[in-house]
**Student:** 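Can you read through this structure? Questions will come right after.
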2 protein chains.
Amino acid sequence: MPRVSQDRLDARRREILAGARACFSRHGYEGATVRRLEEATGLSRGAIFHHFRDKESLFLAVAEDDAAEMVETVAKQGLVQVMRDLLTRADDVAETGWLGTQLEVSRRLRTDQEFADRWAARAAAIATATRDRLARQRAAGTLREDVPPETLQRFLELVLDGLVMHLGTGRTTADLAPVLDLVEEAVRRR
Amino acid sequence: MPRVSQDRLDARRREILAGARACFSRHGYEGATVRRLEEATGLSRGAIFHHFRDKESLFLAVAEDDAAEMVETVAKQGLVQVMRDLLTRADDVAETGWLGTQLEVSRRLRTDQEFADRWAARAAAIATATRDRLARQRAAGTLREDVPPETLQRFLELVLDGLVMHLGTGRTTADLAPVLDLVEEAVRRR
């Protein structure tokens, strides 16, 4: 396939994902009808489903995109930094639908076993990135050593889940920065 | 109204709430059709809507019941104890639908402004119970004093949100007890 053509296909794919992300976030999986997906992407259903087999595949692609970006950030900067970034970009994040997607993923994990199975591999990748990062910090001597790293990891993951829920339900972020300081202090060597 | 009759009405109301809670938790608000509510409660739509004006009122009654119970527990034992109880009763809690209701509340806060307005008063009651409890602990000298109580409160609320999300999406509770020890230690006087 010629290079230009591939570039255009990739750009179209990203365009569809951006529109679909906003649509799923706003209306939920069931509420994101094909008509609404057409409106959100500005494309016909024919164009959308030329790139994605069905709505299920489109939703998974959106969620997987988000998970991949998160793995990358965790590896480079750790989970607390991911949370700080979320605070800083709270309005923007809500805008692009990341939070809505996370909440929708959570809901479908609860109500749809098949989806849960497909999602398990993505969740494992984020957990692995977090564990590797903590292992490096421990080796560097910046992590507290009186608590097993697995416990620190679960603690950070729990706070991130809480932050996703907090932001996703539209509550204020105004006073959360000192809370994240507290979280960071709780895992650090004294 | 004679006493016996009132008792029977109350019992019937509790019966409807229990069935509806399981139904909303399992299918979500939109998915909990009147037919499914009939199956879950074992009662006809006529009997159900004799007690509750409509589905919206029924959902709010379920959510308000849960919020009232939570306010009571927070006042007596604090938020960390609420979280410990959630872990201990995780299977049972999932069974009775508390977590599903919490997640469904979260989703509707995001997608339904009118619901968000009606819910705000309940959320405020839980926050007030938590603040009062922390104030008593501070007076008793068991709370750390180098961090403002508001920050400690937001920290605990964030972890609770995370726990609701964690349990609500069916993830394991096996290793969360030491995480809650860490959370408790983080708010205590050293």
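Any value given below was found using the heavy atoms of this structure, including those in side chains, with hydrogens, waters and symmetry copies removed. Every chain is numbered from 1 and lettered A, B, ... according to where its sequence line falls, protein lines coming before strand lines.
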**Student:** So do the side chains of B:Thr151 and A:Asp175 get within less than 4.5 Å of each other, counting heavy atoms only?
**Tutor:** no
**Student:** Checking B:Leu182 against chain A: side chain, backbone, both or neither under 4.5 Å from a heavy atom?
**Tutor:**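 Contact with chain A is through the side chain of B:Leu182 alone.
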**Student:** Which distance, rounded to the nearest 0.5 Å, do you find between the CE of B:Met83 and the CG of A:Leu158?
**Tutor:** 8.0 Å
**Student:** Might you confirm whether atom CD of A:Gln77 has over 12 heavy atoms from other residues, nucleotides or ligands at distances under 6.0 Å?
**Tutor:** yes
**Student:** Identify, with sequence neighbours excluded, every residue that meets side-chain hydrogen bond (donor to acceptor under 3.5 Å, both in side chains) alongside A:Glu15.
**Tutor:**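 Residues passing side-chain hydrogen bond (donor to acceptor under 3.5 Å, both in side chains) with A:Glu15: none at all.
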**Student:** Against chain A, label B:Val159 side chain, backbone, both or neither, depending on which of its atoms sit under 4.5 Å from a heavy atom there.
**Tutor:** both
**Student:** In this structure, are over 12 heavy atoms from other groups packed under 6.0 Å from B:Glu185 atom CD?
**Tutor:** yes
**Student:** Would one find more than 12 heavy atoms of other residues, nucleotides or ligands at under 6.0 Å from atom CZ of A:Arg188?
**Tutor:**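 Check fails, neighbour count at 12 or below.
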**Student:** Contact part of B:Glu150 toward chain A, heavy-atom cut-off under 4.5 Å: side chain, backbone, both or neither?
**Tutor:** neither
**Student:** Closest heavy-atom contact between B:Val183 and A:Phe155?
**Tutor:** CG2-CE1, 3.7 Å
**Student:** Counting only heavy atoms not in B:Arg35, do more than 12 fall under 6.0 Å of its CZ?
**Tutor:**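 No, the 6.0 Å shell around CZ holds no more than 12 heavy atoms from other groups.
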